[in-house]
Amino acid sequence: MGPLRGGVVLAIYPGSVVAEVCDKVRPNWTGEQVSAVGEAVLSFSTVPSLVLLLATALAIRLRSQWGALAVVVLWTIWISIISMTDAGGLKKLAIEEGCMSSPTLFIAVVAAICVGTILYTTPRQKRD
């Protein structure tokens with residue numbers, strides 16, 4: 001029963017998926033562990049994040065409440081896409097392999113940006 005059980009366990013273990021997950025998720029991965037800061041930098045360097053950073057800067061520059069609201073909603077949608085989509089559990093496998101890290105730091109920084117944007121664009125109270 002030993003060789004049969006060992007063969008079944010090896011057949012069930014997704015070795016080929018684990019070996020190829022980093023090639024699919026991060027094709028240019030160098031083999032070193034990705035930290036939370038590295039993951040945040042990679043997340044901020046995507047095209048949607050750069051566009052949202054530019055839109056946030058524009059809303060802050062113009063002190064537009066509606067612009068800030070729109071940017072916060074768009075950030076929320078982008079964070080939801082990043083954190084909730086996982087094609088077949090590849091993110092979990094990529095985190096275990098080390099070619100990806102948790103997006104928690106990225107989410108925290110984006111939340112701080114959104115809170116700051118809303119607070120900065122609120123109307124000022126007139127003093128009597």
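We use all heavy atoms of the structure for the numbers below, so side chains are in, but hydrogens, waters and symmetry mates are not. All of these numbers come straight from a predicted model, not from anything done at the bench. Residue numbers count from 1 along this sequence.
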If a pair satisfies salt bridge (Lys or Arg N to Asp or Glu O under 4.0 Å) and one of its residues is in residues 35-59, list it, with sequence neighbours excluded.
-> R26-E39
Is there a side-chain contact (heavy atoms from CB on, under 4.5 Å) between M100 and I95 once you walk through the steps?
-> CA-CA 5 Å; M100 202 173 172; I95 290 171; 4.2 Å; yes
Pairs touching residues 50-71 that satisfy salt bridge (Lys or Arg N to Asp or Glu O under 4.0 Å), sequence neighbours left out = none
Atom pair SG (C22) and CG (L90), whose distance is rounded to the nearest 0.5 Å | 10.0 Å
What is the minimum heavy-atom distance between G67 and S64, and which atoms define it?
-> N-OG, 2.9 Å
Side chain to side chain contact (heavy atoms under 4.5 Å, CB included) partners for L119, two or more places apart = V115
What residues, two or more places apart in sequence or in another chain, satisfy side chain to side chain contact (heavy atoms under 4.5 Å, CB included) together with V72?
-> T76, C114, I118
Which pair of non-hydrogen atoms, one from L50 and one from S45, has the smallest distance, and what is that distance?
-> CD1-O, 3.8 Å
Using side chain to side chain donor-acceptor pair (under 3.5 Å) as the criterion, list what pairs up with T56, not counting sequence neighbours.
-> W75
Residues at least two apart in sequence or cross-chain that pass side chain to side chain contact (heavy atoms under 4.5 Å, CB included) with I107, listed by chain then number, are I79, S83, P103
Over all atoms of both residues, closest heavy-atom pair of V71 and A59 = CG2-CB, 4.4 Å
L52 with I81, same ILVMFWY side-chain cluster at under 4.5 Å = yes
If only atom types and distance count, is the side chain of T117 paired as donor or acceptor with the main-chain N or O of A68 below 3.5 Å?
-> no
Taking only residues two or more places apart in sequence or in another chain, which ones pass side chain to side chain donor-acceptor pair (under 3.5 Å) with S35?
-> none
Provide the full list of ring-ring contact (aromatic ring centres under 6.0 Å, His included) pairs with a residue in residues 32-60, sequence neighbours left out, each pair given once.
-> F44-F106
Point-to-point distance, once rounded to the nearest 0.5 Å, from CG of L69 to OG1 of T121 | 9.0 Å
Rounded to the nearest 0.5 Å, how far does SG of C99 lie from CG of L93?
-> 9.5 Å
Report yes if the side chains of W78 and I82 come closer than 4.5 Å at any heavy-atom pair, otherwise no.
-> yes
Taking only residues two or more places apart in sequence, or in another chain, which ones meet T104 in a side chain to side chain donor-acceptor pair (under 3.5 Å)?
-> S102
Between CD on residue E96 and NZ on residue K91, distance to nearest 0.5 Å | 14.5 Å
Are V34 and V25 linked, directly or through other ILVMFWY residues, by side chains that come within less than 4.5 angstrom of each other?
-> no
ring-ring contact (aromatic ring centres under 6.0 Å, His included) against Y120, all qualifying residues, sequence neighbours excluded = none
Sorted by chain and residue number, the side chain to side chain contact (heavy atoms under 4.5 Å, CB included) partners of L105 (sequence neighbours excluded) come out as A36, V37, A40, V109
Other ILVMFWY residues reachable from V47 by side-chain steps of under 4.5 Å = V51
